[in-house]
Amino acid sequence: MKRSSGSSLKIPVMSTISNKPQTLLALNWKMNKTPTEAAAWAKRLQEEMPETGTALAVMVGAITLSQVASEMYGSTAFLGAQDISPHESGAYTGETSAVQLKDVGVKYVIVGHSERREYHGESDATVAAKAKKALEHGIVPIVCVGEKLEIREAGSHVAFTLESLKNSLAGVEIASAADLVIAYEPVWAIGTGKTATAADAEEMASAIRGSLEQLYPAFASQIVIQYGGSVKPDNIQEICGQPNVNGALVGGAALVLESVFGMLEALK
Ligand code: PGA
């Protein structure tokens, strides 16, 4: 990755072997790893990262961003953050601004993760505001949506998720397919070991693609749609092999480098 490059957001979105966008594996460390641990992890990643056709983004805690950026300097992996303030700057105690993230070389930011929606009361409108602020500063938002168990059991998961997607993208404008990533993360599958089946992931990814076709007709076919929820080396290939699934947002299995390499290998 390049530090503080301020360069454009362009990443290769076309795979050479098919018309799918390039697969994006995003590693969501959540509130894990000290700066010291993160630096050691990133140093090993830089030294041992295998050849891969998969784009890799490491979404780390704000306090570890600088160390990870230094250790990954020159690597092909991208730096990512887990949250962003919807405000530009000023009196917002505890928040991290887009300008601050950009300055350390952040390329991607997760917005609207279900843990932020659940524990920090984030609404779709807040998520849209964060996505807009990221884009204003050349950071690609990974916009997360997904239903809770009771909604799936009631059979309204597609309608619920598409409504949340539409509201989370209200007023969000993009200039290319590479400016936006959507992550479908069914809440019941996060950190529980319960993975949605590949068919479940494809059902929702294809419905999301349909919504994107209405919102961004020129770019929809090439926007990366990820699945997230208990993804690991054993199941990533089948899930990401679905026609409308272009990658994964991974929590638990993202913490140990061997399992990250296992996922990259499975995606080959
Ligand atoms: P998990 O988390 O892989 O541990 O289920 C995924 C996420 O929350 O992004």
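Any value given below was found using the heavy atoms of this structure, including those in side chains, with hydrogens, waters and symmetry copies removed. Numbering of ligands and ligand atoms starts at 1, following listing order.
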Task: Candidate pair E202 and R209, rule salt bridge (charged side-chain N to carboxylate O under 4.0 Å, His left out), full reasoning - done: CA-CA 10 Å; E202 173 58 20; R209 185 87 57 206; over 6 Å; no
Open item on the list: Using a 4.0 Å cut-off to any heavy atom of G229, which atoms of ligand 1 qualify?
Closed with: 5 (O)
TODO: List the steps and the verdict of side-chain contact (heavy atoms from CB on, under 4.5 Å) for V99 and S89.
DONE: CA-CA 8 Å; V99 174; S89 65; over 6 Å; no
Open item on the list: Please determine whether any non-hydrogen atom of G228 lies less than 4.0 Å from an atom of ligand 1.
Closed with: no
Task: Carboxylate-amine/guanidinium contact K166 D124, below 4.0 Å - done: no
Task: N or O contact, G252 vs ligand 1, cut-off under 3.5 Å - done: yes
- [ ] Might you confirm whether atom CD of E238 has over 12 heavy atoms from other residues, nucleotides or ligands at distances under 6.0 Å?
- [x] no
Task: Nearest-contact summary for atom 6 (C) of ligand 1 - protein heavy atom, Å - done: G251 N, 3.5 Å
Task: E47 with K43: basic N within carboxylate O range, under 4.0 Å - done: yes
Task: Short side-chain donor-acceptor distance under 3.5 Å, Q82 and H113 - done: no
Task: Shortest protein heavy-atom distance from atom 7 (C) of ligand 1, along with the residue and atom involved - done: E185 OE2, 3.2 Å
TODO: List for me each residue that meets side chain to side chain contact (heavy atoms under 4.5 Å, CB included) alongside E95, sequence neighbours excluded, and say none if there are none.
DONE: S85, P86, H87, Y92
TODO: Give a yes/no verdict on whether any heavy atom in H113 is under 4.0 Å from an atom of ligand 1.
DONE: yes
Task: Distance-only donor-acceptor check, side chains H137 and Q100, under 3.5 Å - done: no
- [ ] Please indicate whether any nitrogen or oxygen in A253 is less than 3.5 Å from any nitrogen or oxygen in ligand 1.
- [x] no
- [ ] Determine whether the side chain, the backbone, both or neither of I190 has a heavy atom under 4.0 Å from any heavy atom of ligand 1.
- [x] both
- [ ] Consider every N or O of S230 and every N or O of ligand 1, then say whether any pair is closer than 3.5 Å.
- [x] yes
Open item on the list: List ligand 1 atoms under 4.0 Å from G191, heavy atoms only on the residue side.
Closed with: 1 (P), 4 (O), 5 (O)
Open item on the list: Is A189 close enough to touch ligand 1? Criterion: a residue heavy atom under 4.0 Å from a ligand atom.
Closed with: yes
